[in-house]
Amino acid sequence: MFDLIIAGGLAVLPGAAAPADIGVASGKIAAIGAPGSLAAAGASRTVDAAGQIVVPGGVDPHIHCNSPIPFPGRNEDLLSAPPDQVSRAALYGGTTTLLDFAPCPSDQPLQQSITLRQREWAGACHCDYGFHLLLHGKLSSGVLDPLPEAIQEGHASVKMFTTDIRPNRQGRMVRFGDIWEVLKILGEAGAVAAIHAEDNDIVMHMYEKLTREDRVGFENMAEVHSTLSEDLSFNRVIRLAENVEGAALYMVHVSAATGVAAIAASRARGFPIYGETLHQYLLYNAEDYKRPGGQMFHTYPSLKFPQDQAALWAATDHGAIQAIATDEVCCPLQVKLQGRRIDDTTGGNSGVEPRVSLMYTHLVEKRGYSLVDFVGLTAANAARIMGLYPRKGALAIGSDADIVLLDPRLRRTLRKEDLHETDYTPWEGHEVAVWPSMTILRGKNVVENGRFLGSPADGQFLPRKIPDDIRSRPAV
Ligand SMILES: [Zn+2]
């Protein structure tokens with residue numbers, strides 16, 4: 001007797017897509033069988049998935065909830081949308097797992113920072129979640145000493161910036177020596193380093209240069225956060241990490257062909273390094289800055305150029321890019337458009353809801369990727385790299401029953417009014433070839449035909465452990 005049977009759909013299983021029935025019991029996938037084969041066991045409910053594509057719930061490995069957004073003329077930062085708002089939108093769009101960040105300032109004991117973040121999220125997230133530990137500024141022993149213990153407790157990835165990003169936002173960058181020390185700790189404790197890599201000297205030089213030349217409009221962002229900066233900093237961090245026993249890298253929001261090339265070269269040397277890009281970088285470029293409200297498309301480092309997009313796309317086909325994330329920083333349009341300069345335009349974007357359907361459209365329909373590769377790029381690969389697999393990212397016996405039914409009959413044009421994130425979407429007018437008719441989180445039906453049935457009490461914290469193969473070679 002199952003709680004639920006998803007019958008008659010095209011199921012994207014780890015190795016291949018095949019017509020299959022999926023039986024769910026106690027929040028887990030309990031059986032997978034040929035169409036019709038599970039019915040005899042009985043079920044409280046059977047969902048007819050004929051004509052639909054059945055996939056594991058999406059995994060977005062890079063989002064920022066309750067994250068500070070500077071607002072000119074105000075002393076206090078605004079905060080990006082909270083987890084209940086973002087996770088609700090995520091479920092509507094077929095994403096069931098979010099990885100956010102736990103900011104760990106150097107003047108606060110590490111465990112206290114983690115506890116604060118845990119409290120903020122407990123009972124406030126509709127889907128499952130975990131945290132990358134976010135280290136910034138000059139690192140203290142209060143942050144470094146307890147790191148191995150925090151990693152053992154399931155915070156198995158640590159994010160660091162090699163740049164302050166903007167001249168008026170000091171304190172983010174971690175100096176190279178400190179990054180080295182952290183990599184040694186992570187190498188020993190078994191964690192992955194998630195790096196936002198830009199060459200701080202070049203970035204700050206370009207802020208000064210464009211200010212001198214009176215070219216401070218945000219449409220010049222790609223000159224500041226440049227392909228050269230990505231080249232220099234990716235290679236520098238990679239060479240450092242390659243010299244640390246046990247180190248592994250996850251390069252966040254790869255934006256340029258130079259970043260792709262640096263990762264590819266390191267992977268060819270056998271180093272365990274993985275690349276993440278954003279749907280934003282795949283589908284928009286620096287020309288889009290010139291459109292009305294062009295800030296809407298901006299996310300740091302910056303949109304780049306058509307040749308960079310071509311390299312990113314090519315790298316999603318079993319190359320240097322394993323995961324397509326959002327870098328979600330959800331806020332109202334007024335906030336997203338408030339800055340007009342290279343030094344005050346807000347980064348991040350709103351896109352967690354359409355991510356899965358958009359990527360299906362562009363990967364499977366437009367580019368002919370296999371369904372398995374589509375699931376890899378939107379769920380399975382990030383789950384593997386971040387130590388969540390096969391609990392998340394897989395339709396497999398024993399996995400959490402996070403199941404999404406993608407319905408080609410719900411093909412649509414994206415409109416902000418139909419989405420649940422905020423009052424705008426950078427994806428306005430994009431056509432998507434599928435849309436979820438149903439999202440299931442650990443066996444619970446949380447969205448059905450546009451009706452939301454979830455609760456902020458549903459989300460569970462996910463402790464993570466990075467598997468050895470992920471850390472020993474480019475395993476995904
Ligand atoms: Zn980010």
Side-chain angles (χ1 to χ4, degrees), residues 58-70 77-83 85-87 89-90 95 97-105 117 120-121 129-137 155 157-166 169 171-174 179 192-198 200 203 221 224-225 229-230 233-234 237 249-256 259 274-282 284 295-304 312 321-331 335-336 339 345-352 355 382 385-386 421-422 426:
V59 176
D60 189 340
H62 188 162
I63 65 148
H64 301 268
C65 292
N66 286 345
S67 179
I69 301 174
D77 286 343
L78 299 171
L79 291 181
S80 64
Q85 182 178 336
V86 172
S87 60
T95 289
T97 297
L98 298 173
L99 292 181
D100 201 288
F101 298 81
C104 301
R117 197 63 166 167
E120 204 177 321
W121 282 64
Y129 60 92
F131 304 118
H132 310 283
L133 303 182
L134 174 55
L135 306 189
H136 48 96
H155 304 282
S157 47
V158 171
K159 162 105 176 269
M160 290 174 287
F161 299 89
T162 66
T163 175
D164 280 325
I165 305 176
R166 283 153 52 168
R169 296 288 281 179
R172 240 189 294 222
M173 178 170 65
V174 177
I179 292 178
V192 167
I195 306 288
H196 173 139
E198 296 188 73
N200 196 60
V203 167
M221 200 70 92
V224 180
H225 300 273
S229 161
E230 188 152 320
S233 65
F234 272 46
V237 165
L249 292 179
Y250 178 78
M251 306 303 285
V252 299
H253 50 50
V254 180
S255 69
Y274 307 94
E276 166 200 282
T277 194
L278 311 177
H279 52 3
Q280 207 94 340
Y281 290 149
L282 290 168
Y284 292 117
Q295 301 99 310
M296 205 187 295
F297 308 105
H298 173 61
T299 181
Y300 289 99
S302 73
L303 301 174
K304 296 295 193 301
L312 289 170
I321 298 293
Q322 283 68 46
I324 301 171
T326 57
D327 203 351
E328 179 92 1
V329 179
C330 186
C331 66
V335 174
K336 188 64 182 165
T345 296
T346 297
N349 66 88
S350 160
V352 76
R355 182 187 66 118
I385 295 161
M386 290 300 159
E421 294 189 69
T422 183

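For ligands, and for the atoms within them, numbers begin at 1 and follow the listed sequence.
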Asks: Which residues pass the salt bridge (Lys or Arg N to Asp or Glu O under 4.0 Å) test with Asp327, not counting sequence neighbours?
Replies: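 None.
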Asks: Quick check: Tyr300 with His298 (ring centres under 6.0 Å apart)?
Replies: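 Under 6.0 Å, so yes.
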Asks: Hey, does Gln295 have a side-chain heavy atom less than 4.5 Å from the side chain of Thr346?
Replies: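 Sidechains of Gln295 and Thr346: no contact.
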Asks: Find out whether His132 and Leu99 are in side-chain contact, i.e. whether some heavy atom of one side chain is under 4.5 Å from a heavy atom of the other.
Replies: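 In contact.
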Asks: Please give me the protein atoms (N, O or S only) lying under 2.8 Å from the Zn ion (ligand 1), ordered by chain and number.
Replies: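 Only His62 NE2, His64 NE2, Asp327 OD1 fall inside 2.8 Å of the Zn ion (ligand 1).
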Asks: What do you reckon, are the aromatic ring centroids of Phe101 and His62 less than 6.0 Å apart?
Replies: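 Yes; His62 has its ring centre under 6.0 Å from that of Phe101.
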Asks: Measuring only between side-chain heavy atoms, which start at C-beta, is Asp164 closer than 4.5 Å to Arg172?
Replies: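 Yes, their side chains come closer than 4.5 Å.
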